[in-house]
Amino acid sequence: MRFIPGCCIIFIILFCNQTFGQAGMTLSPGKLYFKLPPGATTTRKIMVSNPIDKEIEVGVSMSDWDYDLYGNNQTYEPGSLKNSCANWLQVLPGSYFTLRPGEQRELDVVLKVPADANTTIPVHTAMVFLTQLNPGDSKTASGAQIKVSVRMGVKIYHSFIQNEEKSLEVLNFTDKLDSTQKELPGILVLEVENNGKIWLDSKIKWEMLNMQTGEKKKLEELEFFTLPGDKRIIQQKLPSDLKKGRYNATAIINYGNKDELKVVELEFVR
């Protein structure tokens with residue numbers, strides 16, 4: 001890497017859930033879903049654009065990924081996870097291309113499932129990374145010159161053709177106080193596990209009832225994403241103005257269609 005006096009290069013990694021632009025590149029969609037039996041091949045498309053007045057160079061690479069216990073993305077070398085499909089992927093036109101100012105280009109993401117693929121693993125995943133190879137000029141809030149390069153990730157999900165066996169188990173529902181912030185009312189902690197055979201995009205609605213006054217309050221709705229076998233801890237902050245009293249908290253988890261719900265309740269005192 002060439003040394004640039006007085007500058008630093010900042011790499012911004014984006015795991016896209018939708019169209020997103022930053023420092024000279026936009027990309028859509030952020031997720032691709034494949035349902036194919038062993039031996040089958042199909043193609044999905046992604047659109048990458050250059051909205052600025054400078055040509056950008058783009059490199060294409062693959063990676064493995066998963067979620068940690070709190071839903072954060074973790075990446076690994078391609079082929080290192082047992083559920084990896086990184087080696088099944090090919091991106092056309094190739095591993096390197098340029099985008100002229102204002103140019104849009106459609107890329108083909110080809111997934112070929114090996115005939116001997118392990119069908120006991122219900123979901124395989126990978127990440128397609130697009131990396132800006134020629135960093136763009138930018139400035140910090142203090143006016144210092146920096147170089148910014150963007151690395152954007154498209155998540156790949158594969159399942160074999162089958163009925164979608166969605167299942168979510170609630171492992172625990174508790175309330176906790178923060179010993180470092182005793183003046184705050186604490187958090188609700190929900191622990192769940194995806195014990196089905198498909199990825200889940202889930203939402204939680206939270207409701208609270210003051211059992212002494214009858215006052216009801218709704219908390220911010222939260223989303224979380226899981227793969228089969230994932231355990232997840234979801235934390236919901238209690239309102240900072242929560243009055244002292246006895247409460248009933250309800251978490252309503254929607255992990256699929258209208259009928260695919262889990263409802264759990266917790267009583268606690270503040």
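Keep in mind that the numbers below use all heavy atoms, side chains included, and drop hydrogens, waters and symmetry copies.
Looking at residues two or more places apart in sequence or on another chain, you find no side chain to side chain donor-acceptor pair (under 3.5 Å) involving Glu77. Looking at residues two or more places apart in sequence or on another chain, you find a side chain to side chain donor-acceptor pair (under 3.5 Å) between Thr250 and Asn248. Applying the salt bridge (charged side-chain N to carboxylate O under 4.0 Å, His left out) rule to Asp64 yields no partners; only residues at least two apart in sequence or on another chain are considered. When the side chain to side chain donor-acceptor pair (under 3.5 Å) test is applied to Glu215, no partner is found at least two apart in sequence or on another chain. For Lys203, there are no side chain to side chain donor-acceptor pair (under 3.5 Å) partners two or more places apart in sequence or in a different chain. The salt bridge (charged side-chain N to carboxylate O under 4.0 Å, His left out) search around Asp108 returns Lys45, not counting sequence neighbours.
Using modelled atom types, no side-chain atom of Arg246 and backbone atom of Gln212 make a donor-acceptor pair closer than 3.5 Å. Listed for the Asn134 side chain is a donor-acceptor partner under 3.5 Å among the backbone atoms of Glu57. Of the possible polar contacts, one joining the Trp65 side chain to the Ala126 backbone as a donor-acceptor pair under 3.5 Å is found. A donor-acceptor pair under 3.5 Å links the side-chain atoms of Arg270 to the main chain of Pro185, judged by distance alone. Side-chain N or O atoms of Asp175 include none that pairs as donor or acceptor with a backbone N or O of Phe268 at under 3.5 Å.
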Start with the C-alpha gap between Thr41 and Val110, add the side-chain angles, then the distance that decides, and say whether side chain to side chain contact (heavy atoms under 4.5 Å, CB included) holds.
CA-CA 7 Å; Thr41 303; Val110 183; 3.7 Å; yes

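A donor atom on one side chain and an acceptor atom on the other are found under 3.5 Å apart for Tyr76 and Asp66. A side-chain donor from one of Lys155 and Asn73 sits under 3.5 Å from a side-chain acceptor of the other.
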